[in-house]
Chemist: 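Got a structure here, written out as structure tokens. Questions coming.
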Amino acid sequence: MDRRNLGNEGLVVSALGLGCMGMSEFYGTGDEEESVATIQRAVELGVTFLDTADMYGPFTNERLVGKAIVDRRDEVVLATKFGNERREDGSRVGINGRPEYVRRACDASLERLGVESIDLYYQHRVDPEVPIEETVGAMSELVEAGKVRYLGLSEAAPETIRRAHAVHPMSALQSEYSLFTRDPEDEVLPTLRELGIGFVAYSPLGRGFLTGAWKSMDDLPEDDTRAGRFPRFSEENFRRNLELADRVREIATEKDATPGQLALAWLLNQGDDIVPIPGTKRRKYLEENAGATNVVLTGEDLRRIEEAVPRGSAAGERYSEQQMRSVNR
């Protein structure tokens with residue numbers, strides 16, 4: 001597995017990471033034994049950049065990741081997040097960027113993960129009620145205390161990124177980016193490249209559409225929350241988005257690759273400062289995703305992919321109207 005730099009402060013990660021969220025919540029029933037085996041298999045394959053957050057579960061995903069890496073901490077780059085505050089019963093408190101909460105959240109994550117330091121600590125969502133300078137100031141104190149090595153933001157707007165970076169160097173900005181979601185190309189990526197900040201792409205497979213695994217909404221597990229949470233999974237939009245996924249499948253077949261591998265290879269070709277973190281909870285899909293690094297795309301291949309899935313062609317917004325208010329701010 002190739003490695004890539006995130007930012008200019010020395011953070012080096014695997015070219016592909018592993019998103020662990022779905023192992024604990026949102027995408028159907030989890031299997032802890034298989035999830036632990038998946039994380040450990042990822043490390044064997046060189047996929048050593050692991051992504052979690054305190055709100056996944058809530059709290060259970062960090063414990064799961066901690067269990068999986070208990071005897072291989074030095075082999076992984078561990079990223080987690082704070083800011084989407086939830087209670088033990090799963091209910092949501094709201095977005096919290098207050099300095100006292102930052103410190104408390106970090107200590108709790110360290111305990112759940114069973115580690116002495118977090119490699120990359122993100123603010124999960126920007127709190128509009130707290131100046132970003134105050135939040136990042138508290139985050140920088142965690143670096144000084146040795147509890148955190150590098151800092152990042154998630155779903156932040158360019159001006160917020162600039163203000164945060166002026167307080168303490170940001171190593172990464174995490175946001176949704178895929179053939180279905182191209183918004184970061186407008187302002188976010190140019191800002192990051194100007195400042196020397198890396199980009200971590202979550203949902204790089206369009207929340208599953210680009211894997212080519214679905215034929216209809218009946219293929220989604222009964223307890224999968226995507227259909228109820230994301231406009232792209234409404235019945236009409238779902239059909240239109242499957243048509244786009246079928247176009248990706250056609251090109252992938254010609255390249256002797258899976259649709260998911262082609263979509264990840266496209267993203268890897270958008271810049272050496274971009275690191276996709278496809279999520280999965282099963283070893284067979286992890287191994288498939290890892291194969292994306294072996295897919296070689298020519299200029300003609302990239303042109304055909306762009307033609308098959310033009311920017312803005314995905315049907316529906318990536319989040320609900322309410323959720324969209326918490327991103328890019």
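The model shown is predicted, which means the values in this text are computed figures rather than measured ones.
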Chemist: Out of Glu34, Glu288, Glu44, which residue meets the side-chain hydrogen bond (donor to acceptor under 3.5 Å, both in side chains) rule with Arg283?
Modeler: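 Output: one option passes, namely Glu34.
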
Chemist: Establish, from distance only, whether the side-chain atoms of Gln323 and Ser320 form a donor-acceptor pair under 3.5 Å.
Modeler: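 Their side chains do contain a donor-acceptor pair, which is all the 3.5 Å distance test asks for.
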
Chemist: Within a radius of less than 6.0 Å around NZ of Lys255, do more than 12 heavy atoms belonging to other residues, nucleotides or ligands occur?
Modeler: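 Result for NZ/Lys255: enclosed.
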
Chemist: Can you spot which of Arg329, Arg318, Arg325 makes a salt bridge (Lys or Arg N to Asp or Glu O under 4.0 Å) with Glu155?
Modeler: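 Checked Arg329, Arg318, Arg325 against Glu155; only one passes salt bridge (Lys or Arg N to Asp or Glu O under 4.0 Å): Arg318.
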
Chemist: Ring centroids only, cut at 6.0 angstrom: are Tyr202 and Tyr177 within range, meaning strictly under it?
Modeler: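 No; Tyr177 has its ring centre 6.0 Å or more from that of Tyr202.
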
Chemist: For atom CD of Glu187, decide whether the heavy atoms of other residues, nucleotides or ligands shown that lie under 6.0 angstrom number more than 12.
Modeler: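 It does not: Glu187 CD has 12 such atoms or fewer within range.
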
Chemist: Side chains of Asn61 and Thr52: do they bring a donor and an acceptor to under 3.5 Å?
Modeler: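 Thr52 and Asn61 do have a side-chain donor-acceptor pair below 3.5 Å.
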
Chemist: Under the ring pair (Phe, Tyr, Trp, His ring centres under 6.0 Å) definition, can you give me all pairs with a residue in residues 305-329, not counting sequence neighbours?
Modeler: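 Only Phe230-Tyr319 qualify under ring pair (Phe, Tyr, Trp, His ring centres under 6.0 Å).
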
Chemist: Against Ser109, only a single residue in Glu62, Arg104, Lys81 fulfils side-chain hydrogen bond (donor to acceptor under 3.5 Å, both in side chains); can you say which?
Modeler: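 It is Glu62; the other options fail the test.
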
Chemist: Are Phe209 and Phe238 an aromatic pair by the rule of ring centers under 6.0 Å?
Modeler: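 Under 6.0 Å, so yes.
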
Chemist: For atom CG of Asp89, is the number of surrounding heavy atoms from other residues, nucleotides or ligands below 6.0 Å larger than 12?
Modeler: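 Enclosed.
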
Chemist: Is the OH atom of Tyr285 crowded by more than 12 outside heavy atoms at less than 6.0 Å?
Modeler: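 Result for OH/Tyr285: open.
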
